[in-house]
Amino acid sequence: REREREAFFQSNCDHAEEHARALAEWECKYDALHQENISLSVQLRHAGHNAAREKARLQEVSEQRDVEQQRQISELQAVVREVVKERNMLQAQLRQYRAPWDDAAAGMLPPRESGGTAAAAA
């Protein structure tokens, strides 16, 4: 009877030691996973900060590009306005210059100050 109790007690001790070893292994695995989780969280946080900084930098570059493009557009519009003004002035001068000759071609004499050939021929 005593032997059975000792065998039962020894069996329980063996089971307890086995459970203690398994528990220690699981605690080591848990600690390792916990440390890995912390490391990944830190990496993720850094990646998030880096992504936010890069997004802000790209936004700034985009805004600068937009400002530069708008400045160039404004400059080109000013040049176009000057060219159109010059063209209109040249067209007006050309109409003024051609008017006596157009009148002569229509059968009217050019004005005296023009010194047109139709007046000399008459």
Side-chain angles (χ1 to χ4, degrees):
R1 185 119 177 127
E2 185 66 28
R3 235 193 248 165
E4 284 180 15
R5 271 186 26 215
E6 274 186 38
F8 180 73
F9 179 75
Q10 187 59 45
S11 174
N12 282 343
C13 286
D14 292 345
H15 277 71
E17 286 176 12
E18 198 176 301
H19 285 293
R21 276 193 303 274
L23 181 59
E25 285 178 24
W26 280 108
E27 285 175 342
C28 285
K29 289 179 183 178
Y30 172 81
D31 287 343
L33 289 173
H34 184 66
Q35 290 302 318
E36 185 179 355
N37 187 33
I38 289 171
S39 175
L40 290 173
S41 294
V42 168
Q43 290 175 12
L44 184 60
R45 194 172 324 123
H46 287 316
H49 291 315
N50 290 343
R53 276 196 302 273
E54 182 65 10
K55 180 181 177 185
R57 187 188 71 77
L58 290 174
Q59 181 68 30
E60 183 178 335
V61 166
S62 176
E63 289 170 2
Q64 288 172 351
R65 188 178 322 124
D66 290 348
V67 166
E68 178 62 19
Q69 286 176 346
Q70 190 56 48
R71 184 190 65 75
Q72 290 175 351
I73 288 170
S74 296
E75 286 178 4
L76 286 173
Q77 288 173 333
V79 167
V80 167
R81 283 192 295 273
E82 286 299 314
V83 167
V84 167
K85 190 188 312 180
E86 182 75 16
R87 183 201 64 193
N88 290 343
M89 184 180 72
L90 289 172
Q91 284 178 336
Q93 288 176 355
L94 181 62
R95 276 193 301 273
Q96 244 181 356
Y97 174 77
R98 286 180 49 183
W101 304 105
D102 289 344
D103 291 346
M108 295 190 271
L109 293 178
R112 285 185 203 186
E113 59 271 8
S114 73
T117 55

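All values below come from the heavy atoms of this structure, side chains included, with hydrogens, waters and symmetry mates left out.
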Checklist entry - Between V83 and V79, is a side chain to side chain contact (heavy atoms under 4.5 Å, CB included) present by the stated rule, with each step listed? => result CA-CA 6 Å; V83 167; V79 167; 4.2 Å; yes
Item to check | CG-CZ distance between L76 and R81, expressed to the nearest 0.5 angstrom | outcome: 10.5 Å
Checklist entry - Looking just at side-chain N and O atoms, do N50 and E54 make a donor-acceptor pair shorter than 3.5 Å? => result no
Checklist entry - Are D31 and Q35 side-chain neighbours, meaning at least one heavy-atom pair lies under 4.5 Å? => result no
Checklist entry - Going from CG on N37 to CG on L44, what distance comes out if it is rounded to the nearest 0.5 angstrom? => result 10.0 Å
Checklist entry - Looking just at side-chain N and O atoms, do Q72 and E68 make a donor-acceptor pair shorter than 3.5 Å? => result yes
Item to check | Partners passing ring pair (Phe, Tyr, Trp, His ring centres under 6.0 Å) against H34 (at least two apart in sequence or in another chain) | outcome: Y30
Item to check | Flag side-chain contact, heavy atom, 4.5 Å: Q69 against D66 | outcome: yes
Checklist entry - Got a donor-acceptor contact below 3.5 angstrom from the S11 side chain to the A7 backbone? => result no
Item to check | Residue Q96 excluded, over 12 heavy atoms near CD under 6.0 Å | outcome: no
Checklist entry - Does the side chain of V80 come within less than 4.5 Å of V84's, by heavy atoms? => result yes
Checklist outcome for this item: For E2, the salt bridge (Lys or Arg N to Asp or Glu O under 4.0 Å) test, sequence neighbours excluded, returns R5
Checklist outcome for this item: Distance col, row R45:CZ vs Q43:CD, nearest 0.5 angstrom, shows 11.0 Å
Checklist entry - Which is it for E18 and D14 under the side chain to side chain contact (heavy atoms under 4.5 Å, CB included) test, yes or no, and what are the steps along the way? => result CA-CA 6 Å; E18 198 176 301; D14 292 345; 5.9 Å; no
Next on the checklist: Could you work out, with salt bridge (Lys or Arg N to Asp or Glu O under 4.0 Å) as the rule, every residue matching E75, not counting sequence neighbours?
Outcome noted: R71
Checklist entry - Would you call V67 and E63 a side-chain contact if the rule is heavy atoms closer than 4.5 Å? => result no
Checklist outcome for this item: NZ of K55 to OG of S62, rounded to nearest 0.5 Å, is 12.0 Å
Checklist entry - Considering the options K85, E86, Q91, R87, which one meets the side-chain contact (heavy atoms from CB on, under 4.5 Å) requirement together with M89? => result E86
